[in-house]
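Structure, as C-alpha cells:
The sequence lines fix the lettering, A, B, ..., with proteins before strands; numbering per chain opens at 1.
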There are 2 protein chains.
Amino acid sequence: MASPSRQRAGAARYHTASQVLAVMSRRPGITRAELARELHLTSGFATEITARMRELRLLTEAAAPVRGRGRPTTVLQPHPEGPVVLAAELRQEDWQHAVVTVDGQPHDVRRQAHRSRRPATVLAAVRQTVAQARSRYGDRLRAVSLAVAGTVHDRRLVQAATLGWGAVDLSTITVDPSLPLLVGNDATLAGVAEARTGAATTAGTALHLIVEVGIGGTLTIDGTPVTGAHGAAGEYGHLPLGDRRRHCPCGARGCWDLDVDGRALARHLGEPAPADPRTYARQILDRAADDARARQAVTAVAQALATGIAGLTNMHDPHLVTLGGLGPAIRHTAPAAFEGAYTDGLMAFHRAQPPPVVDAAHGDDGPLRGAAIIGLDHITSEPALADWALARRSPSRRAGYPPA
Amino acid sequence: MASPSRQRAGAARYHTASQVLAVMSRRPGITRAELARELHLTSGFATEITARMRELRLLTEAAAPVRGRGRPTTVLQPHPEGPVVLAAELRQEDWQHAVVTVDGQPHDVRRQAHRSRRPATVLAAVRQTVAQARSRYGDRLRAVSLAVAGTVHDRRLVQAATLGWGAVDLSTITVDPSLPLLVGNDATLAGVAEARTGAATTAGTALHLIVEVGIGGTLTIDGTPVTGAHGAAGEYGHLPLGDRRRHCPCGARGCWDLDVDGRALARHLGEPAPADPRTYARQILDRAADDARARQAVTAVAQALATGIAGLTNMHDPHLVTLGGLGPAIRHTAPAAFEGAYTDGLMAFHRAQPPPVVDAAHGDDGPLRGAAIIGLDHITSEPALADWALARRSPSRRAGYPPA
DNA sequence: CGCCTTATCCTCGTATGACGAGCATATTAG
DNA sequence: CTAATATGCTCGTCATACGAGGATAAGGCG
C-alpha cells in the first residue's frame, strides 16, 4: 500500500517531520545532533526521520564543520527540489516579494515600485510574479502568502487607506485555484515576525503595535496571531479611546487612530489635515529636537499612545509589548510623558511589574518576514506534508508515465 | 515493559482517548456508534479504544435503548471509578461547588453562604471541601478548578471588588501540592461555558461580556479562552473608553467600567454612588418600565455599552458576541439606543453583517460550568491520561503492596 | 603513531496506534 | 422465517517511535 489513503484527522502522521521543519526555520543551519537534542529525539529516530525526509526531498544533509572531539554530524539544509513559498507585501509606494525555502531563507528578493496605484494594475503585476514563480518552481511552489497594508476580511481587502483602495478581491492573484493563497494584514504579520524571530521570541503572549497612518497590530499567542473570525482582528486604532466628536474615515467615531498619527500632530499644531500623515509625522518628529511646539505636539501624541497601550495591557495581559512604525520615534521624543501615561493607565496590580514596551526588532521587513513565516507554517503543516509526499511518491516517478 | 517510560512531547499517546473523553463531555450519553462516526473511527478501532479505556477505568458501556433496525450499540458512560474534578465558584454572597465526571455531569452540587466574608474564613471552607473530596474520592480526584469573581494573576487573586478582598493567594486551598489547582476569573469561565455549551457553540471566535460591577469577559477561540500571560486578560472594563477625569478604583482613569454599571446609572440620576452597584442597577432596571428618568439613565448606559462592544468588535472581529449579567436587561430596556450605538461604532465594512449580539445561555451557572470544563480539559489531556494510566497499571494492583 | 575519550550515527527488536477487509452478530420489517 | 440493516469483532498490515548496543569518526595525549 504505497499511497497512504488519508488518515483520521488527529493521527500523528508527519508530526515529527513538521516539527523538524519548524526547527530548521527557527534555527537555520542547525545540525542533526542539535536537532535531536532540541526535539528530544533518540539518535536512532533522528537517523530515521532525516532519511525519510531526505527521500521526500524535504531536506539534505551536508558535512558540518567539526569543532572539538566526537564523530562529526551534519547540517540540515533545504532540499534543492524541496517545497517553497512565495511571500509578498503590498505597500503604499511599492511592493516586494521573495521565494522562501523551508529554512526560512529568502531567495529572489525583489522590490518594485507600483507603475500605477490602481488595484487592477498592481494585482496584475502580482499575478504575473506568481505565474513566473509557478513556471520556474513548478509544483515546488506550495503556497502564496501576501501581506497587505489594509484591513483584510477573509480573502478580500475591505479598506486600505494608505493605498487609497476600497474593497478589492485578492483571490484572483493565484491563477491555479489549487495553489493556496494566504492573505494577512501587514501589522498582523509584522507581529508574527516579532514573536517568532524578533523582539518577542521569549514572550508567550505578546502585543505588537505599529503606528503609521493610524495604529494597527496584533496579539500573538506562542507565535500565532489572534486573527478573529475573518482575519480582520487587530484594528486597535478603531477602539473609541478618543474624542467621540471626531469622525473617522472608517465610519465610526472617536477612534484611537485619530489621536496617534500625523493627523493628531497636525491638529495639535493647528495645521490642516495632511494628505500623507506618515510623511508629515516624520517631518514633525525630525523637527521636535529643536522646535518646542513640535515637541509639545509629539508629547500629546505620546501620551495618547501610552494611555491606549496601558488599556490594551489591562485587557490582554501580555508578557511584552513591541512597538513599530513611528511608535519608537514618538516614544523616544517624549519618553517621560510616555512612561508616565503608561504607568498611570495600568491597573494598580500591573504596576509592580509592568509589561515591558520595547522597540520592534524588524523594521520595514516585518510584514514580509511574517508572511513568509505564515506561509512556511502552512506548507510544513502535517496535512500539507501528506499532500507533498503523496505527489512525490505514488504517481509514477517524476515523469508522466502511463500506469503500464 | 509495562510502564511506558515517558515519551517525547508530541508523541500521540492517548490522543484518541483524549478526544473520546472530549466528545463524551460535549455530548453526554453518546453511543459508541455515534462516537465512531463523529471521530471518523473505523469500527475496529472503536472496539479497541473503548476496550482500552474500559480497562483504564475511564468509561463503561451500557446497552443503549434500541431504535430501528440494526445491531444494538452501547452508551458510553463515565466509569464509577474514573477520574473526577472538583469545580468551585467564589461569589459575593456565597460559593458553590460540584464534583464533575468525564461526561461533564455535576454531582454533589452544593451552595453555601459565606459564614464571614473574610478571606481566611472563606478559603478555610474551600480547603475543607477539597479535603473532603480527597478523602471521599481518593486519587480519583485529579484537579480542582476554581472560578473567582475577581482579577486573577497566576494563582493569586489581586483584586476582588465584589468580595471586598485585596491580594489573596489561592494556592493554599489544595493541601496536596500534587493536586493541580486551576484558577480563573468568573467572566472568563462563563465565556468558556458559552463557547462550549451555550450560545456561542457555533462561533470559532466569540466575545463574551458580563456586566455586574463593571464589565468583564473573555475572547474564546474554538472554546479556549485567551487568558494572557498570567490569566489576567479580559479586563475589558479597564479600557479607557470613558471620561478621562473619572478615577477608577483599579488605579487607572476613564475606565469603561464606570460607564456601564450601577455607578453610571447613579451618576446619570444625580444620586450618590451606591454601595452595592449591582443591586442598585437591578432596582433601576426594574423601575425603568414606568419611570422615564430611570429609562433615560439606562439608555445612556446602553449606549456606552454598545459603543464599547462595537469597538471591541472592530478589534477582535468575533463571529458572535454573548452578553451576560445585567447586559441583557440593559439592552432590552433600551433596544433602539443599543442597536444604534452598536452600528454607529462599527467600522463601515462590518455593518453589512454585524456580528450578532445575543444573550448568554447560561445564567448564574456559567462560571461554575466553565470551571468544570477547564478542569475536564485538564484531566483528559494526553499527559494527564498518561499519568492516570501509569498510576492504575504498574504499581501493584490497587492496594499498597510492597514491591515483593 | 597508536590508543583512549568523546560525540555521534546506525541497526535491530519491540511497543503502540491506527487502518481496512471480511466476517459475525443482533435487532427490526415484512 | 427471512431479508435488510446496523453494528461489533478479529486479524493482518503499516507507520511512528523508543531503547539498547554496537559501529564510526573525529580530537587528545603519551
Side-chain angles (χ1 to χ4, degrees), chain A residues 1-20 30-56 61-76 382 385-386 389-390 393-394, chain B residues 1-20 30-56 61-76 382 385-386 389-390 393-394:
Chain A
M1 206 147 287
S3 68
S5 50
R6 188 166 314 282
Q7 295 196 321
R8 274 184 53 226
R13 290 203 56 174
Y14 300 104
H15 181 86
T16 306
S18 179
Q19 284 188 317
V20 168
I30 191 173
T31 65
R32 176 155 134 187
E34 277 177 295
L35 172 90
R37 273 192 295 274
E38 179 134 344
L39 292 181
H40 301 106
L41 308 177
T42 60
S43 73
F45 186 40
T47 302
E48 262 183 57
I49 193 89
T50 51
R52 243 185 268 166
M53 292 177 73
R54 230 179 299 126
E55 190 125 346
L56 283 173
E61 292 178 85
V66 280
R67 42 185 167 211
R69 292 185 184 181
R71 179 169 174 174
T73 182
T74 59
V75 170
L76 302 183
E382 293 172 40
L385 291 181
L390 210 59
R393 247 188 268 176
S394 44
Chain B
M1 205 146 289
S3 68
S5 52
R6 191 164 313 283
Q7 293 196 322
R8 273 184 55 227
R13 291 202 57 175
Y14 300 103
H15 182 85
T16 306
S18 179
Q19 285 188 315
V20 168
I30 192 174
T31 65
R32 177 157 135 187
E34 278 177 295
L35 173 90
R37 275 192 295 275
E38 181 133 343
L39 292 180
H40 302 107
L41 308 176
T42 58
S43 75
F45 187 41
T47 301
E48 262 183 57
I49 193 90
T50 51
R52 243 185 269 165
M53 293 176 72
R54 230 179 299 126
E55 190 126 347
L56 283 173
E61 292 178 86
V66 281
R67 41 185 169 210
R69 292 185 184 180
R71 177 171 175 173
T73 182
T74 59
V75 171
L76 302 182
E382 293 172 42
L385 291 180
L390 209 60
R393 249 190 264 175
S394 45

Item to complete: Pick base, sugar-phosphate or nothing for G44(A), based on heavy-atom distances below 4.0 Å to the nucleic acid.
Response: base

Item to complete: Tell me what T47(A) touches on the nucleic acid: a base, only sugar-phosphate, or nothing, going by heavy atoms under 4.0 Å.
Response: base

If I take atom [atom1] in residue [X] and atom [atom2] in nucleotide [N], what distance separates them, rounded to the nearest angstrom?
| X | N | atom1 | atom2 | answer |
| --- | --- | --- | --- | --- |
| F45(B) | dT10(D) | CZ | C1' | 16 Å |
| Y14(A) | dA15(D) | OH | P | 9 Å |
| L385(A) | dA15(D) | CG | P | 16 Å |
| H15(A) | dA17(D) | NE2 | P | 7 Å |
| E48(A) | dC14(D) | CD | P | 16 Å |
| E61(A) | dT8(C) | CD | P | 14 Å |
| E34(A) | dA7(C) | CD | C1' | 13 Å |
| Q19(B) | dA18(C) | CD | C1' | 12 Å |

Can you tell which of [options] lies closest to the side chain of [X]?
| X | options | result |
| --- | --- | --- |
| P72(B) | dC11(D), dT8(C), dA26(C) | dA26(C) |
| T42(A) | dC18(D), dA26(D), dT16(D) | dC18(D) |
| R32(B) | dC9(D), dC19(C), dT7(D) | dC9(D) |

Response to the item:
Residue set satisfying salt bridge (charged side-chain N to carboxylate O under 4.0 Å, His left out) with R69(A), at least two apart, ordered chain then number -> none

Worksheet, complete the sentence: For E38(A), the salt bridge (charged side-chain N to carboxylate O under 4.0 Å, His left out) test, sequence neighbours excluded, returns R26(A), R27(A)

Where do [X] and [Y] come nearest, in terms of heavy atoms and distance?
| X | Y | value |
| --- | --- | --- |
| T31(A) | A64(A) | CG2-CB, 4.2 Å |
| A389(B) | Y14(B) | CB-OH, 3.1 Å |
| R32(B) | T47(B) | NH2-OG1, 3.3 Å |
| I49(A) | A17(A) | CD1-N, 4.0 Å |

Practice prompt. Look at R13(A) together with E382(A) and state whether they make a salt bridge at an N to O cut-off of under 4.0 Å.
Written response: no

Distance test, side-chain N/O of [X] to OP1/OP2 of [N], below 4.0 Å:
| X | N | result |
| --- | --- | --- |
| R13(A) | dC14(D) | no |
| T16(A) | dA17(D) | yes |
| R52(A) | dT16(D) | yes |

N/O-N/O pairs, protein side and nucleotides 4-6 of chain C side, under 3.5 Å:
from   : atom 1 : to     : atom 2 : distance (Å)
dT6(C) : O2     : G70(A) : N      : 3.2

Practice prompt. Would you state whether a donor and an acceptor, one from the side chain of S43(B) and one from the base of dC9(D), lie under 3.5 Å apart?
Written response: yes

